[in-house]
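Each remark here refers to the structure printed beneath this line.
Numbers here simply count residues along the sequence, with the first being 1.
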Amino acid sequence: MRIGIVAEFNPLHSGHRYLIECARKIADENNGEVICVMSEFFTQRGEIAIVDGFTRAREAVRSGCDMVIALPYLGSVAYGDDFAKKSIEILSGAGITHLIFGTENDDVSIFEEIYTKQQNTNEEEYRKLLKTGLSHAKINSVLYGLENNNPNFSLAYSYYKAIREAGLNIQMIPIKREGQGLNNSEMLEEEHLSATAIRNNINDEKIEKYLSKNMLTDLRKENIASESELFPYLKYKILSLGKDGIKRIYDVSEGLENRIYEASLKTENYRNLVNSIATKRYSNKKIQRILLHILTNTTKEDYKVNFSTNNFRVLAVKQAKTAIIREINRNGRIVLHPILNSKNSMNFEHDIKVARIYEMLFSNKDIFRENIQIID
C-alpha cells in the first residue's frame, strides 16, 4: 500500500498533522508508505507560500510523510482541475494505491452522479451561463450540485475526476475536516486553526499550540512572504508588457488584458488591484493566479511546453525510505531528481525562473545550492 497526499502546508499546522497521522496509521498497518506532492513557491489560490518548499517539506517528513515531491509551478498555480490532474499524475507515477484528503463533507458517493451530469451537459448550455456573468464554481453548483462553498470538497471532486479520466485504480479516503473553515482568518478557539488564520496572525502567541516547535522556529527565522510586497514589481511588469504582452500570458482571455492594464494605472496596492479586476465571473482567486503568471511571465506557450513534463524534484525524504526514489525511477512513469545540476536543469527552466523570482523577494536561498532534505 502506498498512500498519497496533495498539499500546500502553508504552513503545516495541527490539522495537516492530523491528516498525515491518519495516513501514517493506515500505511503502518499495511506495511506501506506515505507520499506527498506539494506546491513549492506559490499556491493554488494565487498566494505566496509563507516560506520556501524545502522548509515546509522538511516539516512534512518530520510529521510522518516518507517523501515530498515538488508540484511544478504550472500545476500549483492552476484552477482546480489542472491542479488535481498534475498532482494525481505525479502520485500515480509514484505508485500510490490510495489518496487521502481532508474535506468539509466526507460523503463522496455523489461524485459519480456529478461526473455523469457533467458528461451529459451541452456545451452551449454551459456557455450561456458563462455569458450571464456566473463564475465556473457557481455554474458547477447550479448544473451539477457541486457545493461551491466547500472548497476542499470541490477539490476532492477534481481528484476523483482526474483519477477516473486517467483510468487509475486509486481508492479515495476522505477525512472529515474539523476545526476552522478554510478561508476564516479570525483567531478562534478551535481544535485546528485554518492556515489563513495562522498566516494572518503569525506573530500572535496563540498560534504556537497549532504549530510544532520546529515549524515555528523555521517560520520565525525566515523572511515571511506577503503579497503586498509584490505590488511594485507586478505593476512594473504589467506596464512593461502592455496589453499585447498581457494577452499572451497564460489564462488571460476575452479582453481581460484591458481590465488588468487599466486597473494597474489606478490602484496603489496589491489588494486594490485584485479587487479592481475581479468580477462576478472572474473570482479573486483566478485574478491572483493570473497576476502571478504576469509576475513570472508565464505565457500560454509555457503552458503548452511545460505542463506535460514527467520530470519532478524531490524536496525531502525519510532517511530509511530513500530507496523509494530509485524504485519509482526504475518503473519509469515519472522521473524524480533529488538535486539540480547541469545535466537535469533544462527540465526545470520555468520552475528555476519562478524560484529565483520568489527568492529575490523573500529569501536569500538558491535552489541550485539546496540539496534534498534527508530526515532521520
Side-chain angles (χ1 to χ4, degrees), residues 8-11 38-56 70-79 83 183 185 195-203 219 222-243 245-252 256-279 282-300 302-303 349-367:
E8 292 179 331
F9 296 149
N10 189 35
M38 187 191 76
S39 304
E40 195 170 0
F41 299 105
F42 300 99
T43 71
Q44 196 266 332
R45 295 194 296 173
E47 296 174 339
I48 301 164
I50 192 168
V51 286
D52 68 273
F54 284 106
T55 301
R56 289 177 288 122
L71 179 63
Y73 172 87
L74 282 164
S76 298
V77 186
Y79 78 110
F83 177 86
N183 297 321
S185 61
T196 304
I198 291 172
R199 289 194 303 274
N200 288 355
N201 299 278
I202 198 67
N203 294 315
L219 283 173
E222 300 285 351
N223 293 327
I224 298 301
S226 163
E227 281 79 19
S228 62
E229 295 172 64
L230 290 182
F231 183 72
Y233 303 96
L234 187 55
K235 185 167 182 175
Y236 167 78
K237 192 65 181 176
I238 290 170
L239 295 176
S240 61
L241 281 174
K243 294 178 183 178
I246 298 169
K247 193 186 297 187
R248 291 191 288 273
I249 295 295
Y250 170 55
D251 215 18
V252 172
L256 192 55
E257 68 275 6
N258 298 312
R259 192 172 181 85
I260 292 169
Y261 187 84
E262 296 301 329
S264 74
L265 299 175
K266 301 171 187 173
T267 53
E268 296 180 356
N269 61 62
Y270 176 83
R271 187 47 49 200
N272 285 346
L273 178 64
V274 172
N275 291 336
S276 297
I277 300 167
T279 64
Y282 298 114
S283 69
N284 283 42
K285 293 173 190 175
K286 181 180 176 69
I287 297 306
Q288 286 170 182
R289 288 195 293 267
I290 289 173
L291 291 177
L292 285 182
H293 298 328
I294 291 172
L295 180 73
T296 58
N297 199 33
T298 300
T299 64
K300 295 177 173 75
D302 287 325
Y303 178 86
E349 287 181 351
H350 191 73
D351 281 300
I352 290 168
K353 177 180 72 172
V354 169
R356 285 175 169 164
I357 291 170
Y358 179 93
E359 289 154 4
M360 177 185 75
L361 294 168
F362 305 115
S363 76
N364 296 316
K365 296 180 180 177
D366 183 340
I367 58 171

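Evaluation of the ring-ring contact (aromatic ring centres under 6.0 Å, His included) rule for Y270 yields no partner, not counting sequence neighbours.
Enclosure of atom CZ in R248 is not indicated, since only 12 or fewer non-hydrogen atoms of other residues, nucleotides or ligands lie within 6.0 angstrom.
With a 4.5 Å cut-off on side-chain heavy atoms, L230 and L292 count as touching. Side-chain atoms of I48 and F41, non-hydrogen and from C-beta on, never get closer than 4.5 Å to each other. Within the 4.5 Å cutoff, side-chain heavy atoms of T196 are placed close to those of R45. Contact annotation: the side chain of R56 approaches that of V51 to within less than 4.5 Å [non-hydrogen atoms, C-beta and beyond]. You'll find the side chain of N297 reaches within 4.5 Å of the side chain of K353, heavy atoms only. Annotation: side chain of K235 is not in contact with side chain of P232 (no heavy-atom distance under 4.5 Å).
Between Y358 and F42, the two ring planes are perpendicular [angle over 60°; tilted spans 30° to 60°].
The side-chain hydrogen bond (donor to acceptor under 3.5 Å, both in side chains) test with D251 singles out one residue from H293, R289, K286, and that residue is K286.
The closest side-chain donor-acceptor pair between Y303 and T298, if any, does not fall under 3.5 angstrom.
Of the inter-residue distances, the one linking D351 atom CG with R356 atom CZ reads 12.0 Å to the nearest 0.5 angstrom.
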Please report the C-alpha distance between I249 and L241 in whole Å, then the side-chain angles of each, then the deciding distance to 0.1 Å, and finally whether the side-chain contact (heavy atoms from CB on, under 4.5 Å) criterion is met.
CA-CA 10 Å; I249 295 295; L241 281 174; 4.1 Å; yes
Go through the steps for S264 and R259 under the test side chain to side chain donor-acceptor pair (under 3.5 Å), then give the verdict.
CA-CA 9 Å; S264 74; R259 192 172 181 85; over 6 Å; no
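The two atoms that bring T299 and D302 nearest to each other are N-OD2, 2.9 Å, heavy atoms only. Of all the heavy atoms in S39 and E8, the pair that sits closest is OG-CG, 3.7 Å.
Remark: the backbone N or O of Y261 is not paired with any side-chain donor or acceptor of K243 at under 3.5 angstrom.
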